[in-house]
Amino acid sequence: MLDPKLFRESPDLVRAALAKKHLVVDLDAILALDETWRIKLQQVESLRGQQKAANAEMAKLPKGSAEFVSKVHEMKAVSAQVKEGEVVLKEMEDRLKQAMMTLPNLPHASVPEGRTPEDNVVFATHGDVNALSSHAKPHWEIAGFDKLFDFARGAKVTGAGFPFYVGDAARLVRALLHFFLDENGKAGYVEVNPPIFVNAASATATGQLPDKEGQMYEAPVDGFYAVPTAEVPLTNFFRDEIIDEALLPVYRCAYTPCFRREAGNYGKDVRGLNRLHQFDKVELLKWVHPATSYDELDKLRGDAESLLRKLELPYRVLLMCGGDLGFAQSKKYDLEVWSAGQKRWLEVSSCSNFETFQARRAQIRFRGKDGKPELVHTINGSGLAVPRVLAALLENNLQADGRVKIPTVLVPYFGKEFLSFA
RNA sequence: GGAGAGGUGGCUGAGUGGUCGAAAGCAGCGCUUUGCUAAAGCGCCGUAGGUGUAAAAGCCUACCGGGGGUUCGAAUCCCCCCCUCUCCGCCA
């Protein structure tokens, strides 16, 4: 959500920023709604003021007195007006709030212009893509893949996109998670194990609702949503709280399974481990002082990158253009790992600064120097998502004999130097 | 799941229909005096929205877990929901 004062006082500034995101928003309609709401608010407040004044008078009058009775009669009319006005006001408020929820976050000045993913800027590339195994093939074509990554039985037991990881595959998932959490801990992120169901208020605060309603699995009897990312419960940890300024920045990380319905995503990029309904991910999250948030974003991106480096996986960093920025982000970098078999880049982390967008919805603040509460900036990114790292690892490290070489840093976690499909 | 007890400002805790946005204490901030690891006295000390302003101040309204209702008037009465605690049931 945006600051109402911002678009009320500087609508042109907001208009220009929204144009960069290439989203069509009827700001004038919202401004008009805001205007009528404020007029109505003043009406109702003045009526309530009358009630309050009368109340003070009546408290001093004897209960049965003629004066009292006539006052009651008089105030009945006012009371009716207030009730009527409040209904209208509530309706206006709801409409305004709903309209404001459709306003996306404004992009930062450093975000490049652009409309489509093709316009994203390759910010950095690391590692030699051409030096990889000549045996590489798409991971789902590796002999024995189906035994270790059992999609068929997953589909039987649950549905498509819910694979079983068996034996060495399960072990490798666990090794990766363990490695990620250990490394993130060393980088200063406090590990958290959060709930993996959240309520509607939490999903709204981080921007999943109402924007991405159909993308989450729901438990309607209890009003819960299965988390699409640990970002949701983690960010909501401090919802409706004022954090001690001295505690900023707060660094946290969390592993959770992530659940995504991925409604509407079909095609070849859903093969194998590329896109699943349930997958494991470690999320990095920071609550920071607004003055430092872009430095903190760069640092967080660096933390995620260092995981890929240690795993010896070639990757590139994309700086997302205005048109490819998400609804809630001010600035976003995507980390994409090279998958030698598929010969394409796979997104494994998305590092974003939300500025006050989430913080306003979630009311996460700190007390500034002047004693006034101020919204924090929230920043998050994956560190990292497992399945695509796994895909790249299987493809890039495939040996002539059909085994997969385990990166050196992972050997202590995995317990062996090779993964075998035999 | 059943029965009962509760949810009040940063914390503790009064308040059961009318000047209650809410006593008191603690913590915090400022000033004064005595002193010099401290004490006493006085004052200030919630959040949000609107209005106002260069910015403030000021003014208005709302908020006593959340949402409805009764009433001229609700922290206080009624209904629903959420949460906490105790007991019972069930259970990894």
Side-chain angles (χ1 to χ4, degrees), chain A residues 1-10 30-101 103 193-205 209 218-225 233 236-248 257 356 358-376:
Chain A
M1 198 146 69
L2 298 178
D3 186 352
K5 284 193 181 115
L6 185 65
F7 66 74
R8 199 179 288 156
E9 286 161 20
S10 324
I30 296 176
L31 282 167
L33 215 53
D34 180 58
E35 179 70 24
T36 51
W37 167 74
R38 271 147 66 207
I39 291 167
K40 192 72 195 170
L41 178 67
Q42 284 172 46
Q43 276 176 24
V44 172
E45 283 190 350
S46 129
L47 285 168
R48 279 202 281 240
Q50 283 182 48
Q51 280 187 307
K52 248 187 123 164
N55 192 37
E57 276 183 62
M58 290 169 76
K60 282 184 260 184
L61 296 171
K63 276 275 155 56
S65 69
E67 220 178 326
F68 187 91
V69 171
S70 92
K71 205 81 194 165
V72 168
H73 184 73
E74 184 191 324
M75 291 320 290
K76 258 188 191 177
V78 175
S79 177
Q81 273 181 281
V82 168
K83 272 192 185 128
E84 213 177 302
E86 274 175 345
V87 171
V88 177
L89 192 65
K90 180 83 172 25
E91 199 241 341
M92 283 178 163
E93 246 163 28
D94 289 347
R95 263 201 295 162
L96 180 60
K97 207 169 175 187
Q98 214 178 345
M100 298 220 334
M101 284 296 214
L103 282 181
N193 190 334
I196 59 171
F197 283 94
V198 293
N199 56 32
S202 296
T204 306
L209 292 177
E218 297 182 43
V221 173
D222 297 290
F224 296 156
Y225 296 85
N236 277 280
F237 187 91
F238 290 116
R239 173 150 54 85
D240 297 323
E241 291 190 30
I242 296 176
I243 304 171
D244 185 353
E245 186 177 14
L247 260 40
L248 297 179
T356 60
Q358 293 181 328
R360 176 169 288 105
R361 289 185 175 208
Q363 285 299 300
I364 304 170
R365 297 174 291 175
F366 67 95
R367 208 172 280 283
K369 293 272 181 292
D370 59 356
K372 284 266 174 277
E374 213 179 309
L375 295 165
V376 300

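In what follows, chains are A, B, ... by sequence order, proteins preceding strands, each numbered from 1. Note: hydrogens, waters and symmetry copies are ignored here, and every other heavy atom, side chains too, is used.
A straight line from CG of D240(A) to P of rC82(B) spans 19 Å, rounded to a whole angstrom. Rounded to whole Å, atom P of rG50(B) lies 12 Å from atom CG of L89(A). As rounded to whole Å, 12 Å separates atom C1' of rG49(B) from atom CE of M1(A). Atom P of nucleotide rA62(B) and atom CD of Q50(A) are separated by 13 Å, given to the nearest angstrom. As rounded to whole Å, 19 Å separates atom P of rG49(B) from atom CD of E86(A). Following rounding to the nearest Å, R367(A) (CZ) and rC29(B) (P) show an atom-to-atom distance of 13 Å. Rounded to whole angstrom, the span from the CG atom of D222(A) across to the P atom of rG1(B) amounts to 9 Å. Between the CZ atom of R360(A) and the C1' atom of rA48(B) there is a distance of 13 Å, given to the nearest Å.
Summarising the geometry, atom CD belonging to E57(A) is positioned 9.0 Å from atom CE belonging to M75(A); distances are rounded to the nearest 0.5 Å. Rounding to the nearest 0.5 angstrom, the gap separating the CZ atom in R8(A) from the CG atom in L2(A) is 12.5 Å. Atom CD of Q43(A) is separated from atom CD of E45(A) by 11.0 Å, given to the nearest 0.5 angstrom. Interatomic distance, Q51(A) CD to S46(A) OG, rounded to the nearest 0.5 Å: 10.5 Å.
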Take E67(A) and K71(A) through the test salt bridge (Lys or Arg N to Asp or Glu O under 4.0 Å) and record every step on the way to the result. CA-CA 6 Å; E67(A) 220 178 326; K71(A) 205 81 194 165; over 6 Å; no
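Checked by distance alone, K60(A) brings a side-chain donor or acceptor within 3.5 Å of a matching partner on the base of rU19(B).
Checking rA48(B), rG50(B), rG18(B) against the side-chain heavy atoms of K63(A) singles out rG18(B) as nearest. Checking rG68(B), rC72(B), rG21(B) against the side-chain heavy atoms of M58(A) singles out rC72(B) as nearest. The side chain of P373(A) lies closest to rU47(B), out of rG49(B), rU47(B), rC72(B). Candidate nucleotides rA48(B), rG73(B), rG50(B) were compared by shortest atom distance to the side chain of Q42(A), and rG50(B) ranks first. If you check rG50(B), rU61(B), rG18(B) against the side chain of F68(A), the one that comes closest is rG18(B). Of all nucleotides listed (rA48(B), rU70(B), rG50(B)), rG50(B) comes nearest to the side chain of R8(A). Nearest nucleotide to the Q51(A) side chain, out of rG49(B), rG68(B), rC72(B): rC72(B).
Stem analysis of RNA chain B (Watson-Crick or G-U pairs, both distances under 3.5 Å, runs of at least three) returns B:1-7 with B:82-88, B:10-12 with B:24-26, B:28-33 with B:39-44, B:46-51 with B:58-63, B:65-69 with B:77-81.
Comparing rG4(B) with rA92(B), their C1' atoms sit 28 Å apart, to the nearest whole Å. When the P atom is compared between rA57(B) and rG50(B), the two are found 15 Å apart, to the nearest whole Å. Spacing of P atoms, rA22(B) relative to rG9(B), comes out at 15 Å, to the nearest Å. When the P atom is compared between rC85(B) and rU16(B), the two are found 28 Å apart, to the nearest whole Å. Between rA27(B) and rC42(B), the distance separating the two P atoms is 15 Å to the nearest Å. Separating the P atom of rU19(B) from that of rC77(B) is a span of 16 Å, rounded to the nearest Å. Spacing of P atoms, rA62(B) relative to rG21(B), comes out at 9 Å, to the nearest Å. Spacing of C1' atoms, rA24(B) relative to rA14(B), comes out at 7 Å, to the nearest Å.
In this structure, Q98(A) places its CD atom where only 12 or fewer heavy-atom neighbours from other residues, nucleotides or ligands lie under 6.0 Å away.
Here K52(A) reaches the OP1 or OP2 of rA62(B): one of its side-chain N or O atoms lies under 4.0 Å away. Phosphate proximity of rC72(B) to K76(A): present, with a side-chain N or O under 4.0 Å from OP1 or OP2. Considering only side-chain N and O atoms, R38(A) lies under 4.0 angstrom from the phosphate OP1 or OP2 of rU51(B). Side-chain nitrogen and oxygen atoms of S79(A) include none within less than 4.0 Å of the OP1 or OP2 phosphate oxygen of rU71(B).
Contacts of K83(A) with the nucleic acid, taken as non-hydrogen atoms under 4.0 Å apart, include base atoms.
Minimum heavy-atom separation, F197(A) to A219(A): CE2-CB, 4.3 Å.
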